[in-house]
Amino acid sequence: STVIMKRFLAMLIAAATLTFGGMANAEELAPFDLNKATVEQLMAIPDANITEELAKAIIETSKKTPFKFSDDLMKVPGLDNSTFEAIMPVEENDSVWYDPDNADMVLGPSKC
């Protein structure tokens with residue numbers, strides 16, 4: 001019966017890991033300042049296909065000249081339009097952010 005109990009606990013732990021692991025991946029990435037981003041944050045942006053090399057290039061470029069405007073991202077060597085569009089950069093507080101919740105408002109048509 002100890003063996004059965006151990007197997008049951010192992011199954012329970014595996015099920016919990018799968019459940020919570022899956023939830024973490026489905027969660028939206030929290031907004032972050034692209035001038036202070038880590039390689040891991042940049043590579044986690046959905047659909048941007050940012051490689052480790054490109055993430056490092058983004059970080060290096062921002063250290064030399066911090067991003068103030070979303071177009072400044074286009075100065076990063078190797079960053080193309082599809083990556084730029086996936087990042088959906090947002091200008092906030094003299095900096096450029098990855099913020100998917102606010103991106104639509106900035107890029108959307110004017111409501112004037």
Side-chain angles (χ1 to χ4, degrees):
S1 63
T2 314
V3 173
I4 294 171
M5 197 65 181
K6 283 183 178 174
R7 283 189 181 155
F8 176 73
L9 280 172
M11 283 173 47
L12 207 62
I13 291 168
T17 305
L18 284 172
T19 303
F20 294 115
M23 286 170 65
N25 293 340
E27 230 174 83
E28 201 169 79
L29 202 56
F32 59 86
D33 185 337
L34 292 171
N35 287 311
K36 297 176 180 145
T38 64
V39 169
E40 292 77 18
Q41 282 177 310
L42 292 166
M43 290 176 69
I45 296 174
D47 303 320
N49 302 319
I50 295 176
T51 61
E52 188 174 343
E53 292 74 25
L54 182 54
K56 288 177 179 175
I58 292 169
I59 292 167
E60 284 305 306
T61 303
S62 76
K63 281 181 183 171
K64 289 178 194 154
T65 313
F67 306 125
K68 280 185 92 168
F69 304 102
S70 51
D71 289 349
D72 293 346
L73 268 180
M74 294 308 290
K75 296 175 184 164
V76 176
L79 193 139
D80 60 18
N81 280 336
S82 64
T83 302
F84 179 84
E85 287 170 16
I87 295 171
M88 297 182 289
V90 178
E91 296 167 15
E92 284 179 38
N93 306 327
D94 276 337
S95 194
V96 178
W97 286 65
Y98 167 74
D99 188 353
D101 293 336
N102 285 330
D104 293 335
M105 293 168 23
V106 174
L107 297 174
S110 171
K111 304 281 189 282
C112 297

Taking all non-hydrogen atoms of both residues, which atom of [X] and which atom of [Y] are closest, and how far apart?
| X | Y | answer |
| --- | --- | --- |
| K36 | Q41 | O-OE1, 4.1 Å |
| A86 | A48 | CB-CA, 3.4 Å |
| N35 | S95 | ND2-OG, 2.8 Å |
| L79 | L54 | N-CD1, 3.9 Å |
| M43 | A55 | CG-CB, 4.2 Å |

Side chain to side chain donor-acceptor pair (under 3.5 Å) against K56, all qualifying residues, sequence neighbours excluded
E52
Would you compute the distance between atom [atom1] of [X] and atom [atom2] of [Y] and round it to the nearest 0.5 angstrom?
| X | Y | atom1 | atom2 | answer |
| --- | --- | --- | --- | --- |
| I50 | L42 | CD1 | CG | 5.5 Å |
| D72 | T65 | CG | OG1 | 8.0 Å |
| D47 | M88 | CG | CE | 8.5 Å |
| L34 | E92 | CG | CD | 10.5 Å |
| D99 | D33 | CG | CG | 11.0 Å |

Side chains of [X] and [Y], heavy atoms from C-beta outward: is any pair under 4.5 Å?
| X | Y | answer |
| --- | --- | --- |
| I59 | V39 | yes |
| T61 | P77 | yes |
| T83 | N49 | no |

For N81 and M74: C-alpha separation, side-chain torsions, deciding distance, then whether side-chain contact (heavy atoms from CB on, under 4.5 Å) applies.
CA-CA 8 Å; N81 280 336; M74 294 308 290; 3.3 Å; yes
Any side-chain donor-acceptor pair under 3.5 Å between D80 and S82?
yes
For residues 40-99, pull every pair meeting ring pair (Phe, Tyr, Trp, His ring centres under 6.0 Å), keeping only residues two or more places apart or in separate chains.
F32-Y98
